[in-house]
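We count ligands from 1, going down the list as the structure has it; atoms in each ligand are counted the same way.
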Amino acid sequence: MTAINLIAPKRKISDGFCVWLTGLPAAGKTTIAKALQTELEKRGRVVTMLDGDGAMRQVLSTGLGFTKDDRDLNVRRAGFVAGEVVRHGGAVICALVSPYADARGFVRRMIDTAFVEVYVQTPLHVCEKRDPKGLYRRARAGELEHMTGIDDPYEESDPHVLNLQIDGERPVEKNVCVIATYLENRGLLERVSNPAALMIGRYQPWHDGHRALFMQALEMEGYVVIGVRETYGLSDKNPFTFAEVKARIEESLSAFVGSFEIRRLPNITNIVYGRDVGYRITRVGLGPEIEGISATQIRSTLNVVGKPYGVEWKDQVRLSS
Ligand SMILES: Nc1ncnc2c1ncn2[C@@H]1O[C@H](COP(=O)(O)OP(=O)(O)OP(=O)(O)O)[C@@H](O)[C@H]1O
Ligand SMILES: [Mg+2]
C-alpha cells in the first residue's frame, strides 16, 4: 500500500460536512447523491460532488485501477479533497463503492465528526439485475476482474461507527429525506423553516375524515404536523396507545413520507392566543359525507371487548375512500 501521511484537520468549521455514500456497484449511490445535491442546493448550500462515476476517476485518480491498493488510494484522495472542502465550511457528497472498511475508516478519522458514512444497502441480486453499465454481466462472463460483489468483497462497516444504513430499493426521495433529517439532527444542516399546518386530535382511530383533512392541510401549507393528544391512558374513549395511533397514521400516509410528522402532545384542552401570533386558525369544510365519519361510531364497531388494546386496526378500520 502506498504510504501517505495526511494530518487530520484540527479545527472543525461547524458548517462543513461530508456525506459519504458507499455500497455495491449499482446500489443507487449516484442516484441518491444527485437527488441529495438538489435538496441541499434548494436549501442554499453549495455542494461539491465527488462521484466515482464522474470526473473523479478521470482526473483525480487517473491511472488507478481496481486492485485493493488502487481503490484505497482512490478513496483516500477523495477523502482528502472532501476534508479540505469541509474545513472551509462546504458540503460534500462522495459516491464511491469504497468497498474496504479500513479505507473508509481512514477518511472518517481525517474528517472526524463532520463525516457521515451512509451505507446504501441493496442486495447483490438487485444490483446485478439493474446492472446499468453491464459490469456484473461482464464479471460473470469472466471478462472483468476485481468486481465488487463478484470476485472482490464489500466490507460492511462496524455498526457502531456507521452513521446511517439506507435501503437502496426504497424511493430516492425517501432516502434523501432520511439523510437530510439525520444531518439536521446532528446539527450539520439547518432545519428548513417552511410553513406547516398543525392538526390536533386524538385519532382514536385515524380514519378517512382525518385523512381528508390532512390532504387539505397539506395543500394549504405543504407540510403537516399531526399532534396526537390525550395519549397517556387507555379507556373506552382512547382504546389505542400512542404507538398504535402513530403506526396507523404512518401506514395511511405512507405516500406522503417527508411531508408530515407525528408528535405526541399532552392533553391539550385549550388553544390560547394573543394578538399577532403569526399563524391562522382555519376551519376546513369537508362536506357532509366526510364530516359524517365519526371515530366514536367506528370505535363502537371495533371488536374491543376482552381485547381492548391489541385490536387489529387493519382489519377493522377502512383506510381510504
Ligand atoms: N431506489 C431505486 N429504485 C429502483 N432503481 C433504482 C433506485 N436507485 C437507483 N436505481 C437504478 O439503479 C441503477 C444504478 O443506480 P446508480 O447508478 O445510482 O448506482 P451506483 O451505486 O452509483 O452504481 P456505481 O457504483 O456503478 O456508480 C440505475 O439504473 C438507477 O436508475
Ligand atoms: Mg455511481
Interfacing atoms of ligand 1 (cut-off 4.0 Å, heavy-atom, [X]):
X: Lys133; value: 24 (P), 26 (O), 27 (O)
X: Thr30; value: 18 (O), 20 (P), 22 (O), 27 (O)
X: Gly168; value: 1 (N), 2 (C)

Once you restrict to heavy atoms under 4.0 Å, what part of [X] touches ligand 1? Side chain, backbone, both or neither.
X: Lys29; result: both
X: Val97; result: side chain
X: Arg170; result: backbone
X: Asp53; result: side chain

Exercise for the section: Check the side chains of Arg186 and Tyr182 for a donor-acceptor pair under 3.5 angstrom, ignoring hydrogens and angles. Expected result: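 Yes, because at least one side-chain N or O of Tyr182 sits under 3.5 Å from a partner of the opposite role on Arg186.
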Review point. Does Pro171, backbone or side chain, put an N or O under 3.5 Å from an N or O of ligand 1?
Key: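 Looking only at distances, the answer is no, because the N/O contact criterion of under 3.5 Å is not met.
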Checklist entry - Under 3.5 Å, N or O to N or O, is Ala26 touching ligand 1 that way? => result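 Looking only at distances, the answer is yes, because the N/O contact criterion of under 3.5 Å is met.
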So is Ala27 touching ligand 1 or not, going by heavy atoms under 4.0 Å?
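Distance cut 4.0 Å: Ala27 passes for ligand 1.
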Worksheet item: Among protein atoms, how many N/O/S atoms lie less than 2.8 Å from the Mg ion (ligand 2)?
Response: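 Count of protein N, O, S atoms less than 2.8 Å from the Mg ion (ligand 2): 2.
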